[in-house]
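See structure below.
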Amino acid sequence: MNILVPVKRVPDPYAKVKPLPDGSGLDTAGLKFEVNPFDEIALEEAVRLREKGLPASITAVSVGAAECEEQLRKALAMGADQAILVETSDALDSSVVAAELAALVLELGIDLVLMGKQATDDDANQVAQLLAAKLDWPQATFASAVEVADGRVVVKRETDTGEETLSMRLPAVVSADLRLNEPRYIALPGIIKARSKPLERRPRATEAVAKVRVVFYEAPPAREPGRKVSSVDELVAALKDRGVIA
Amino acid sequence: MSRLLIVAFDVAESSSLAGFADALGIPFDLLLLSAGVPAPIGAEKVFLAGMPSIPVADAMAKALARFAAPYTHVAAVSSMRSKDILARTAGVLDAAMVTDAVEVLGVRKFKRPVFAGTVMATVEVAPSAILLTVRPAGFEAPEPAPNGPAENVVLDADSMAERSAVSARSGGRPDLTQAKVIVSGGRPLKDAATFERVVGGLADALGGAVGATRAAVDSGIAPNELQVGQTGKIVAPDLYIAAGISGSTQHMAGIKDSKVIVAINKDPDAPIFEAADLGLVADLYEAIPELLAKVKS
């Protein structure tokens with residue numbers, strides 16, 4: 001069984017990212033880059049499926065600049081068998097990435113795409129759904145548990161009101177939410193060891209053009225500074241004063 | 001000619017995007033998916049699908065794509081459900097998808113939060129149909145206006161997935177995304193029973209909803225659907241009371257549109273105090289019961 005795990009290179013999700021003064025981009029100087037945490041969860045799940053006995057070959061893929069190799073090496077260290085970098089300097093949006101992934105899925109004979117529900121940089125939450133639509137495959141987003149057996153994938157997924165379970169015949173697309181698992185820690189030696197695993201660079205396979213482009217970045221409007229109150233009585237008075245409690 | 005279709009999953013959502021439609025300023029119709037009577041928002045036409053439940057995304061997206069094909073814009077309130085379905089619909093239609101629009105700068109230009117709301121991005125959409133999930137908080141609702149004629153429509157398609165084991169919200173409290181008052185708790189609430197007693201008790205006294213941090217959900221203190229933040233629910237109540245919440249960037253991303261944020265935390269250095277309108281440095285086990293007694297009296 002062939003599992004594809006798309007991996008996005010994103011700025012350290014715990015670092016503060018600032019817009020450039022002219023709004024033309026983001027100030028990424030000095031920022032560390034990481035594997036998008038949700039993609040890391042997806043990859044961890046793929047590796048666990050294999051560890052539980054599912055005969056699976058796991059391919060990690062990134063679409064983007066040469067620097068994405070760093071994140072693909074991490075993915076190989078976590079347990080991916082091979083990695084592909086679709087190298088491009090084109091402007092990308094979710095639809096372009098989905099188009100590239102769809103081409104790769106068909107070429108590699110992928111049975112299951114496991115990916116993060118969103119990236120922590122653009123917070124778009126789109127690629128899994130766009131990809132599933134392009135392939136006309138079933139989808140389960142916001143996965144919190146995944147089981148594969150008898151040619152089906154059964155996914156427990158989080159919803160606005162709780163949870164539900166979807167059972168889908170493979171092939172299918174699954175996007176990982178936070179509570180799917182806790183990814184393993186990879187020490188540096190593991191990353192170095194993974195250097196012997198195959199990493200293929202290739203050009204784009206489609207001519208899809210970005211439909212959505214960011215033209216300006218800015219800081220969000222600041223909230224008015226608040227104040228501390230010294231007692232519950234003072235808090236109640238302030239809340240009444242603002243008309244938010246009777 | 002530009003035309004907007006507002007997709008409301010339920011009656012509560014039918015009025016939520018009136019402000020967005022007003023800001024976009026193009027003629028619009030309203031499609032109500034579940035059964036009910038939509039709010040008067042001045043839609044030119046109303047389509048009533050009367051669905052007993054919302055189908056799985058692949059089926060819903062297929063049906064919606066057929067129905068929405070004539071429109072230049074299709075919008076729904078941001079939620080896990082709308083992101084699941086609209087993004088797939090965009091894929092079916094080969095349309096552009098804009099997630100979490102918070103401001104309209106033109107018919108093809110929108111503002112949306114990125115990096116957990118710590119940066120705002122202005123996005124421009126190339127000529128194609130545009131699907132959007134919209135956060136209503138940033139849009140001022142216009143006066144109610146009568147809708148045009150209503151028409152029953154049938155939206156159906158078969159799903160490739162089988163759905164089972166659906167859990168529904170425990171009833172009685174308002175929906176987090178619609179609530180005027182929210183009381184939220186973090187990990188200091190210890191366990192599910194304490195959380196329910198302390199946070200739930202105050203929420204009920206204020207007629208509000210209950211929210212939780214990711215840490216509280218991860219440690220089993222609160223169910224997942226109560227999570228507020230970047231990867232949970234985005235809320236915009238009049239009053240948000242954060243009890244025992246330190247205020248991570250990811251949590252703050254979900255509450256910054258609240259009118260008044262109150263923080264109750266015994267750690268005076270908790271980051272939440274920087275964002276809170278009113279901060280009380282206190283043990284929540286003393287402060288919340290006292291607050292509850294005083295709002296009840």
Side-chain angles (χ1 to χ4, degrees), chain A residues 16-17 19 26 94-95 98 118 120-126 129-134 137-142 144 158-169 177-179 209-220 223-224 226-229 232-233 235-236 238-239 242 244-245, chain B residues 56-58 61 79-81 83-84 87-88 90-92 96-99 113-126 128 160-169 206 214 218 223-225 230-231 238-239 256 259-260 262 273 275-281 287 290-291 294-295:
Chain A
K16 176 111 179 92
V17 177
L26 298 165
S94 301
S95 71
Q118 73 192 61
T120 52
D121 53 359
D122 62 23
D123 284 333
N125 196 325
Q126 297 178 11
Q129 297 91 309
L130 293 171
L131 174 63
K134 275 179 199 297
W137 288 5
Q139 76 186 40
T141 50
F142 308 106
S144 59
E158 298 191 359
T159 68
D160 296 300
T161 54
E163 286 176 342
E164 65 180 20
T165 301
L166 293 182
S167 170
M168 309 178 292
R169 184 167 291 286
D177 211 325
L178 277 174
R179 278 172 280 277
V209 176
K211 297 177 168 74
V212 180
R213 286 170 199 255
V214 179
V215 294
F216 192 71
Y217 290 100
E218 65 198 299
R223 283 185 75 92
E224 298 270 314
R227 66 182 174 96
K228 290 229 172 91
V229 291
V232 170
D233 283 330
L235 176 61
V236 171
L239 291 175
R242 289 172 193 234
V244 289
I245 64 169
Chain B
V56 178
D58 60 329
S79 65
M80 294 167 84
R81 180 165 62 182
K83 286 173 186 174
D84 188 36
R88 183 160 182 133
V92 174
M97 180 75 216
V98 175
T99 305
V114 294
F115 292 96
T118 58
V119 176
M120 301 302 294
T122 297
V123 297
E124 236 171 50
V125 184
S128 70
M160 292 178 270
E162 289 161 28
R163 175 154 61 190
S164 62
V166 180
S167 77
R169 182 187 296 117
L206 294 167
R214 175 190 168 183
D218 282 354
N224 67 276
E225 66 271 21
Q230 181 189 22
T231 68
D238 292 341
L239 173 60
K256 63 187 173 54
K259 282 209 186 83
V260 177
V262 173
F273 286 120
D277 301 285
L278 297 165
L280 177 63
V281 179
E290 189 186 342
L291 180 57
K294 283 175 177 154
V295 296

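Chain letters run A, B, ... following the sequence lines, proteins first, then strands; residues in each count from 1.
Remark: the backbone N or O of B:Met80 is paired with a side-chain donor or acceptor of A:Asp160 at under 3.5 angstrom. Between the side chain of A:Asp123 and the backbone N or O of B:Ala116, at least one donor-acceptor pair lies under 3.5 Å. Put simply, the side chain of B:Ser167 never gets that close to the backbone of A:Gly162: no donor and acceptor are under 3.5 Å apart. With hydrogens and angles disregarded, a donor-acceptor distance shorter than 3.5 Å links the side chain of A:Arg223 to the backbone of B:Lys256. Distance alone, capped at 3.5 Å, places no donor-acceptor pair between the B:Glu124 side chain and the A:Val212 backbone.
Between chain B and the options A:Val209, A:Leu130, A:Leu131, A:Leu239, the largest number of non-hydrogen pairs under 4.5 Å is found for A:Leu130. Between chain B and the residues A:Thr120, A:Asp121, A:Val229, A:Val214, the most heavy-atom pairs under 4.5 angstrom are made by A:Asp121. Between chain B and the residues A:Val236, A:Val17, A:Asn125, the most heavy-atom pairs under 4.5 angstrom are made by A:Val17. For chain B, the option among A:Pro220, A:Ala238, A:Gly226 with the highest count of heavy-atom pairs below 4.5 Å is A:Pro220. For the options A:Arg169, A:Met168, A:Glu158, A:Glu224, heavy-atom pairs under 4.5 Å to chain B are most numerous at A:Glu158. For the set B:Val123, B:Asp58, B:Asp277, B:Val114, the count of heavy-atom pairs under 4.5 angstrom toward chain A peaks at B:Asp277.
At a 4.5 Å heavy-atom cutoff, the contact between A:Glu163 and chain B is made by backbone and side-chain atoms alike. Of the two parts of B:Val295, only the side chain, counted from C-beta on, holds a non-hydrogen atom closer than 4.5 Å to a non-hydrogen atom of chain A. Proximity to chain B involves both the backbone and the side chain of A:Leu166, based on heavy atoms less than 4.5 angstrom apart. Of the two parts of A:Phe142, only the side chain, counted from C-beta on, holds a non-hydrogen atom closer than 4.5 Å to a non-hydrogen atom of chain B. Residue B:Thr231 touches chain A through both its backbone and its side chain, counting heavy-atom pairs closer than 4.5 Å. Residue contact with chain A, scored on non-hydrogen atoms closer than 4.5 Å, involves the side chain of B:Phe273 exclusively. Residue A:Ser94: no heavy atom, backbone or side chain, is found under 4.5 Å from chain B. Only the side chain of A:Arg179 comes within less than 4.5 Å of a heavy atom in chain B; its backbone stays farther off. Interface remark: B:Ala61 contributes no atoms to any contact with chain A (heavy atom separation under 4.5 Å). Neither the backbone nor the side chain of A:Ala98 comes within less than 4.5 Å of any heavy atom in chain B.
With rounding to the nearest 0.5 angstrom, the CG atom of A:Asp122 is 8.0 Å from the CZ atom of B:Phe115. Note that the CG atom of A:Asp233 and the CG atom of B:Leu291 stand 10.0 Å from one another [nearest 0.5 Å].
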Just do the side chain to side chain contact (heavy atoms under 4.5 Å, CB included) check on A:Gln126 and B:Thr99 with the steps written out, would you?
CA-CA 8 Å; A:Gln126 297 178 11; B:Thr99 305; 2.8 Å; yes
Please evaluate residues A:Lys228 and B:Leu280 with respect to the criterion side chain to side chain contact (heavy atoms under 4.5 Å, CB included), reporting the C-alpha separation (whole Å), side-chain torsions for both, the decisive distance (0.1 Å), and the verdict.
CA-CA 6 Å; A:Lys228 290 229 172 91; B:Leu280 177 63; over 6 Å; no
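Annotation: side-chain hydrogen bond (donor to acceptor under 3.5 Å, both in side chains) contacts of A:Arg213 (sequence neighbours excluded): none. Evaluation of the side-chain hydrogen bond (donor to acceptor under 3.5 Å, both in side chains) rule for B:Thr122 yields no partner, not counting sequence neighbours.
For the residue pair B:Asp84/A:Gln129, the side-chain donor-acceptor check at 3.5 Å is not satisfied. Between the side chains of B:Ser164 and A:Glu164, no donor-acceptor pair of N or O atoms lies under 3.5 Å.
Atom NZ of B:Lys259 has 12 or fewer neighbouring heavy atoms from other residues, nucleotides or ligands inside a 6.0 Å radius.
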